[in-house]
Protein chains: 2
Amino acid sequence: MNAKKKLSSIAELAALVGVSKSTVSRALGGSSLVNEETKARILAVAREYDFQLNLPARYLSLGASRTIAFVTQACCDSGDKPDLFGLEIMGGVAAGLDELGYDMLALYVAPEDDDWIARYFDSGVVAGFILMTYENKPRQLELLAEREAPFITRGLGEGRYCSVNGDNRRGGALAAERFLSRGRRRPAFIGGPADDPEVTERFAGYRSALAGAGLEPAPARVAYGDFSEESGAAAMAALLDAAPELDAVFAASDLMAIAAMRLLASRGKRVPEDVAVIGYDDLRLASYVSPALTTVSQSVTLTGKLLARDLVAYLQSGQVTNRVVPVELIARDSA
Amino acid sequence: MNAKKKLSSIAELAALVGVSKSTVSRALGGSSLVNEETKARILAVAREYDFQLNLPARYLSLGASRTIAFVTQACCDSGDKPDLFGLEIMGGVAAGLDELGYDMLALYVAPEDDDWIARYFDSGVVAGFILMTYENKPRQLELLAEREAPFITRGLGEGRYCSVNGDNRRGGALAAERFLSRGRRRPAFIGGPADDPEVTERFAGYRSALAGAGLEPAPARVAYGDFSEESGAAAMAALLDAAPELDAVFAASDLMAIAAMRLLASRGKRVPEDVAVIGYDDLRLASYVSPALTTVSQSVTLTGKLLARDLVAYLQSGQVTNRVVPVELIARDSA
DNA sequence: TTTGGGATTGCAACCGGTTGCAAGACCGGG
DNA sequence: CCCGGTCTTGCAACCGGTTGCAATCCCAAA
């Protein structure tokens with residue numbers, strides 16, 4: 001039935017319908033410069049042969065592609081840890097881009113690689129980037145800006161470039177409120193890097209919610225890591241030494257929270273009876289550990305879709321957006 | 001310094017060096033038809049201006065792109081479960097493709113979508129596919145074959161098309177041996193779909209290892225699910241009812257194994273004291289649950305790299321390969 | 001000195017789209 | 001009947017690469 005020979009160019013289609021290349025091109029592009037009746041005829045034949053236009057040719061001609069690069073950290077060689085948070089967001093981004101008719105190229109870049117922007121942007125393969133890397137992020141942002149490559153990032157944009165960001169302040173507050181409602185009066189905090197604006201925001205929200213209850217985060221009950229498990233364990237150990245009286249811990253990433261729970265267990269503390277624990281991110285993991293981790297959820301799917309939409313909007317209009325997406329507390333067993 | 005104006009075409013570069021387009025094209029392509037000295041001169045200038053050739057144009061001219069689509073299941077709208085196993089493999093594929101100078105397009109397709117092959121292959125955006133979907137996989141394989149689109153899949157290829165596959169038989173055997181060495185004599189099996197060749201292989205390996213010790217898997221101690229958690233819980237429940245004497249469970253996926261562990265706990269069985277549990281896949285998750293899951297590892301990174309390499313080899317030579325990658329038992333606490 | 005052949009290089013066509021511009025068809029008004 | 005204007009359509013140039021073929025140059029062999 002559909003064994004008709006493949007059409008491999010607009011010219012063949014044109015010949016078949018009896019019009020010129022240009023007319024076909026315009027018809028497929030939905031231009032108003034074509035007679036409705038002719039357009040219908042062309043589209044009918046196109047559908048019948050299920051014609052697909054050649055995208056490389058189109059991109060060449062248009063001087064712009066419809067592909068977006070999703071840039072995430074390379075998980076080096078070995079069974080190294082992929083960036084789980086980034087990976088979960090990728091699904092949302094893919095869905096968002098798909099709706100808008102864009103494709104997603106997955107780019108795993110090594111932290112010390114600066115070359116990818118040129119390789120992918122200057123060569124015309126991608127029209128823009130979604131930046132999810134953590135290491136060296138500021139430098140990469142700068143490089144992108146320098147090249148005038150369109151991009152969006154998850155995290156703070158500060159009005160200078162597009163971003164989608166969780167409501168970090170509210171996230172911190174949610175954690176603090178949860179502790180308070182559970183009667184905890186001596187909560188501790190484990191941050192990511194102390195100079196990471198997301199971390200300071202979370203801390204600010206946390207502190208002011210505590211302040212609302214007349215509490216203040218004792219300096220001895222504040223420690224910083226780098227979002228990784230190892231750092232989470234180390235921070236937890238340090239906190240226990242410095243402030244053994246703590247009865248709750250709010251960590252700025254699920255991985256640190258999980259590591260903290262392990263360390264607590266190894267020191268004979270029960271979670272949540274002795275120490276309540278709250279994480280951040282709501283990785284898929286969080287619901288599998290035991291006790292299941294109470295955590296602040298950033299709605300990965302929504303974040304992904306917004307990253308996609310706002311970047312495409314920027315490509316089309318140059319409109320810089322800094323969107324904040326709501327967070328919510330996912331109450332499980334650890335706090 | 002490097003503020004030289006951008007070179008946006010081979011022609012500009014050519015003018016700068018004082019040669020023709022063709023010569024530049026050949027020099028960049030490493031052709032032997034160019035004088036070594038000229039080639040060096042061209043490359044030097046190219047590097048100085050860090051020139052990137054326009055890939056859409058190149059692909060158009062060559063009639064083939066250097067992009068591979070990694071096809072995985074769309075995780076529909078909501079906070080739906082992404083295919084964790086696929087996602088972990090993706091990292092390996094990305095690394096493998098990168099080494100070979102290919103790019104990776106991430107394609108999340110809905111199970112009932114048949115159109116993507118045309119959209120991506122006929123339009124010339126991708127040169128081939130890596131197929132990771134589970135639902136409707138046979139049909140999609142058929143469609144790909146019909147269109148003569150180059151692809152490779154994880155799982156069984158049966159000589160008809162390229163594949164990379166874990167050593168399922170050995171995986172099953174490893175699990176059985178572990179049970180035996182732990183003194184378990186009444187092990188149960190939870191498979192994925194009973195007609196999935198990977199599952200039957202695992203079962204075959206498992207059964208024959210048991211047979212080596214004079215045991216036989218009682219039919220009452222065999223159940224089938226679909227790799228998902230829900231099905232794992234259901235299967236486990238059924239097994240407990242039908243064969244309450246069981247002292248071990250080998251599940252064909254980590255998710256089913258984890259669900260089984262939960263169900264066992266809810267029925268008052270201790271893992272591993274009362275019932276030992278072994279999973280399959282070694283998802284990142286496996287080491288986080290408690291007790292940490294003993295499981296059969298398929299070396300995701302290696303699998304990913306091989307998928308990349310074998311597909312590219314096929315693109316270049318038409319050589320169909322069916323590779324089997326070794327599996328290993330990761331001993332943790334659950335068995 | 002002429003001739004043959006290898007090494008380099010450039011010309012120009014082609015890949016398959018898009019689009020500015022001109023041309024033809026057809027309309028109503030003057 | 002002529003003119004200007006609106007609709008449609010096609011021509012041909014262009015996007016930036018690749019590559020077959022012809023042209024040129026140089027050197028050794030005859």
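Hydrogens, waters and symmetry mates are skipped; everything else that's a heavy atom, side chains included, is used. Residue numbers start from 1 in every chain, and the chains themselves are labelled A, B, ... in the order their sequence lines are given, proteins ahead of strands.
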Examine the base of [N] for any acceptor or donor lying under 3.5 Å from a partner atom in the side chain of [X], and report the outcome as yes or no.
X	N	result
Ser22(A)	dC11(D)	yes
Lys21(A)	dG16(C)	no
Arg26(B)	dG10(C)	yes

What is the separation between atom [atom1] on [X] and atom [atom2] on [N], rounded to the nearest whole Å?
X	N	atom1	atom2	answer
Leu53(A)	dG17(C)	CG	P	6 Å
Asn35(B)	dC27(D)	CG	P	13 Å
Glu36(A)	dT9(D)	CD	C1'	15 Å
Gln52(A)	dG17(C)	CD	P	11 Å
Arg58(B)	dG16(C)	CZ	P	17 Å
Glu12(A)	dG17(C)	CD	C1'	13 Å
Asn54(B)	dC15(D)	CG	P	11 Å
Leu60(A)	dC15(C)	CG	C1'	9 Å

Phosphate-side-chain proximity, [X] and [N], N/O vs OP1/OP2 below 4.0 Å:
X	N	value
Ser25(B)	dT18(D)	yes
Ser61(A)	dG17(C)	no
Ser9(A)	dC15(C)	no

Candidates [options] - which lies nearest the side chain of [X]:
X	options	answer
Leu62(A)	dG16(D), dG10(C), dT19(C)	dT19(C)
Leu33(B)	dG17(C), dG16(D), dT9(C)	dT9(C)
Ile10(A)	dG10(C), dG17(C), dG16(C)	dG17(C)

Review point. Quick one: on DNA chain C, does Val34(B) or Pro56(A) contact a more 5' nucleotide (nearest heavy atom)?
Key: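 It is Val34(B) whose nearest nucleotide is closer to the 5' end.
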Review point. Pick one: which of Asp310(B), Asn322(B), Thr153(B) meets side chain to side chain donor-acceptor pair (under 3.5 Å) with Ser163(B)?
Key: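 Result for side chain to side chain donor-acceptor pair (under 3.5 Å) with Ser163(B): Asn322(B).
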Review point. In Å, rounded to the nearest 0.5 Å, how long is the span from CG of Leu306(A) to CG of Asn165(A)?
Key: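 Going from CG on Leu306(A) over to CG on Asn165(A), the span is 11.5 Å.
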**Study point:** Within 6.0 angstrom of Glu142(A) CD, more than 12 heavy atoms from elsewhere
**Key:**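 Atom CD in Glu142(A) is not packed in, count stays at 12 or less.
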Point to revise | Residue Glu148(A) excluded, over 12 heavy atoms near CD under 6.0 Å | key: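 No, the 6.0 Å shell around CD holds no more than 12 heavy atoms from other groups.
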Check your understanding: If you find the nucleotide of DNA chain D closest to Thr23(B) and the one closest to Ala57(B), which residue's nucleotide is nearer the 5' end?
Key ->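 Per heavy-atom nearest nucleotide, the more 5' residue is Ala57(B).
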Point to revise | Asp113(A) side chain near Arg119(A) side chain, heavy-atom distance below 4.5 Å | key: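 Sidechains of Arg119(A) and Asp113(A): in contact.
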